[in-house]
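Below: the structure, in structure tokens.
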Amino acid sequence: HHLRKQSSSDPYDQISGSTGIMGVADTTWLMHRQRMSKTATIRIIGRDIDEKMLHIREENCIWTLDEEETAEQLVTKAVPDYLWKVADYIDSVGKWQGTATELLVAANISDVKPNQFTRKMAHYARDVFSPRGIEYKYTRTEQKRLFEFFHDDDDGDDDDIDISELFHWGIPQTSSSSSAFRRDEQDIRRILPALGNYKLTDLRKEVIREFYEEMRHSPRLDGRGNLSEKSVEGLHNTLCGVLSAAVDEGYLTHNPAWRCYKPKGQKKERPVADEETVKKLIAAFEGQSLKYETYFKLVLATGLRRGEACGLKWSDINWKKRTIHIQRGVVKLSHQESITKDPKTTSGDRMVYLSKEMCQLLKAWRKECEWDRAQTANEKVSEDDYLFRQPNGKPMNPCTFTYRFKLILKANNLPLDLNVHSLRHTNASLLIAQGVDVRTVASLLGHAQASTTLDIYAHAFDKNKREAQEKLGKVIGL
């Protein structure tokens, strides 16, 4: 036996052993007692014995058994009461579908948070629902996470499941944002016709690689040429994410799409404005209204994404420190209203820094906003207002600035391959050209990893190689 060494502040003694107890081999047991207490527990786990908990009591130096709990009883004790109430409710209604919040209300359960319920469901579903013949699906839609409960009479074999059934069973999608979810849906429309009838056990790397090659020669949905290599890579990411979820659910032992994708051809360089074009862009911005001048100059000066600039509020600006806190973005989906969402990663929640000139421009824009609000609505600008807002108080649509930017390019004979996001790329390229290290550039852009910055802006670093080599040559004389 082994007595665990205790610190003076630890009020517990624990004694454990590994063989011989109750005459059963390969048994592990643990005795747990508060110091000086007359009661203790012994937890027993073994190869040839079911897990159990013994509650014992000491009288006159003799320990006697008070109570014995089986593994089932231990699980039952650990399961929160509200899960049993949910199981009773599903039993009474037969079928049910909705969000965790709606389910808690329907089952008359209060003081339980939806995310708390979801975590416990994942942990105890087999112990609470399966014995009653209740099955459930967990599906993530664009805006909601849905549960569907039903009584399952199907004893089918998981090995016979094909890819199309994974989607019907609600395997979670790979993307958290609504716009990315919409792209996943487009990918699924291409994946299912080609691979939907394949059984999971029949899906091989060769089959997946052939699918990618076929997609490279498939027309775009709008009919303008074939799919780009970036679109094929997106198909791979979606398929790989779905199959990874199937592994997590126990349908597969490994992901057959892992390392199946190999890009073909050379990556296109992202359109970036050179220093001469930047000067022309700035002059063109100054010919616009103060709103558009402020927006485009802010994106160019800070490297913000267009949605991040639309999501800025006046409270995000620290005038004294000349910083802006980036903590939300605006996303627009087809045929839907714009939505405001948090950054995808913790690195996206960041501080960017402003020059004195940029601060002066922002202050001038605020004064114009205050004058306009006073004239049109007899209101004052609030710290909670968006910098670029619609009359109804909602943030402006990023597509509005995209359209305006194209008009500016045409009107000023500037390169038409540029777009609003090119201002972000231009910002990063200029920082790199000035010798700023990659980690600093990554943090300013909100990249989770410096490798992402290196991958996207490799061309910018390449331009510094000759200069670096020449400097080294001067030092060593070679």
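Given the structure is predicted, the values throughout are model-derived calculations rather than measurements.
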Can you find a pair of side-chain heavy atoms, one from [X] and one from [Y], that are under 4.5 Å apart?
X: E148; Y: W96; value: no
X: W365; Y: K291; value: yes
X: H325; Y: I317; value: no
X: R373; Y: K380; value: no
X: M358; Y: S355; value: yes
X: H236; Y: Y212; value: yes
X: K280; Y: N412; value: no
X: P395; Y: F388; value: no

Is it true that a side-chain atom of [X] and a backbone atom of [Y] form a donor plus acceptor pair closer than 3.5 Å?
X: T440; Y: V436; value: no
X: K297; Y: L361; value: no
X: T238; Y: G234; value: yes
X: H447; Y: S443; value: no
X: N255; Y: C240; value: yes
X: R322; Y: L354; value: yes

In this structure, are over 12 heavy atoms from other groups packed under 6.0 Å from [X] atom [atom1]?
X: K394; atom1: NZ; result: no
X: N226; atom1: CG; result: yes
X: N378; atom1: CG; result: no
X: R439; atom1: CZ; result: no
X: K279; atom1: NZ; result: no
X: W258; atom1: CH2; result: no
X: N115; atom1: CG; result: yes
X: Q375; atom1: CD; result: yes

Can you tell whether the side chains of [X] and [Y] come within less than 4.0 Å, N to carboxylate O?
X: E229; Y: R216; result: yes
X: R328; Y: D349; result: no
X: R350; Y: E308; result: yes
X: R389; Y: E379; result: no

Pairwise distance [atom1]([X]) to [atom2]([Y]) - rounded to 0.5 angstrom:
X: S382; Y: E370; atom1: OG; atom2: CD; result: 11.0 Å
X: L409; Y: R404; atom1: CG; atom2: CZ; result: 12.5 Å
X: Y261; Y: R209; atom1: OH; atom2: CZ; result: 13.0 Å
X: L444; Y: S347; atom1: CG; atom2: OG; result: 12.0 Å
X: L300; Y: L298; atom1: CG; atom2: CG; result: 9.5 Å
X: M351; Y: I324; atom1: CE; atom2: CD1; result: 10.0 Å

Apply side chain to side chain contact (heavy atoms under 4.5 Å, CB included) to residues L312 and L304 and explain how you reach the verdict.
CA-CA 10 Å; L312 289 175; L304 297 184; 3.9 Å; yes
Derivation and outcome, side chain to side chain contact (heavy atoms under 4.5 Å, CB included), residues F129 and V86
CA-CA 9 Å; F129 295 92; V86 168; 3.9 Å; yes
Check against ring-ring contact (aromatic ring centres under 6.0 Å, His included), F285 and Y295:
CA-CA 9 Å; F285 296 156; Y295 178 91; 9.5 Å; no
Within the 3.5 Å criterion, strictly below it, is a donor on [X] or [Y] matched to an acceptor on the partner's side chain?
X: Q327; Y: D342; value: no
X: T402; Y: R306; value: yes
X: S422; Y: N419; value: yes
X: S231; Y: S228; value: yes
X: T323; Y: N318; value: no
X: D274; Y: T277; value: yes

Non-hydrogen atoms of [X] and [Y] that approach each other most closely:
X: I208; Y: L239; value: CG2-CD2, 4.0 Å
X: G311; Y: D316; value: O-OD2, 4.2 Å
X: T118; Y: A100; value: OG1-CB, 4.0 Å
X: Q288; Y: E293; value: CB-N, 4.4 Å
X: A301; Y: N427; value: O-ND2, 3.1 Å
X: K120; Y: L83; value: O-CD1, 3.8 Å

Across all chains, not counting sequence neighbours, the side-chain hydrogen bond (donor to acceptor under 3.5 Å, both in side chains) partners of N397 are none
Please list, chain by chain and in numerical order, all residues satisfying side-chain hydrogen bond (donor to acceptor under 3.5 Å, both in side chains) with Q97, sequence neighbours excluded.
none
Just do the side chain to side chain contact (heavy atoms under 4.5 Å, CB included) check on I109 and V112 with the steps written out, would you?
CA-CA 7 Å; I109 298 171; V112 177; 3.8 Å; yes
Show your working on side chain to side chain contact (heavy atoms under 4.5 Å, CB included) between Y82 and D111 and close with a plain yes or no.
CA-CA 10 Å; Y82 57 80; D111 301 327; over 6 Å; no
Strictly under 6.0 Å, is that where the ring centroids of F117 and F147 end up?
yes
Is the F296 to F405 ring centre distance short of 6.0 Å?
yes
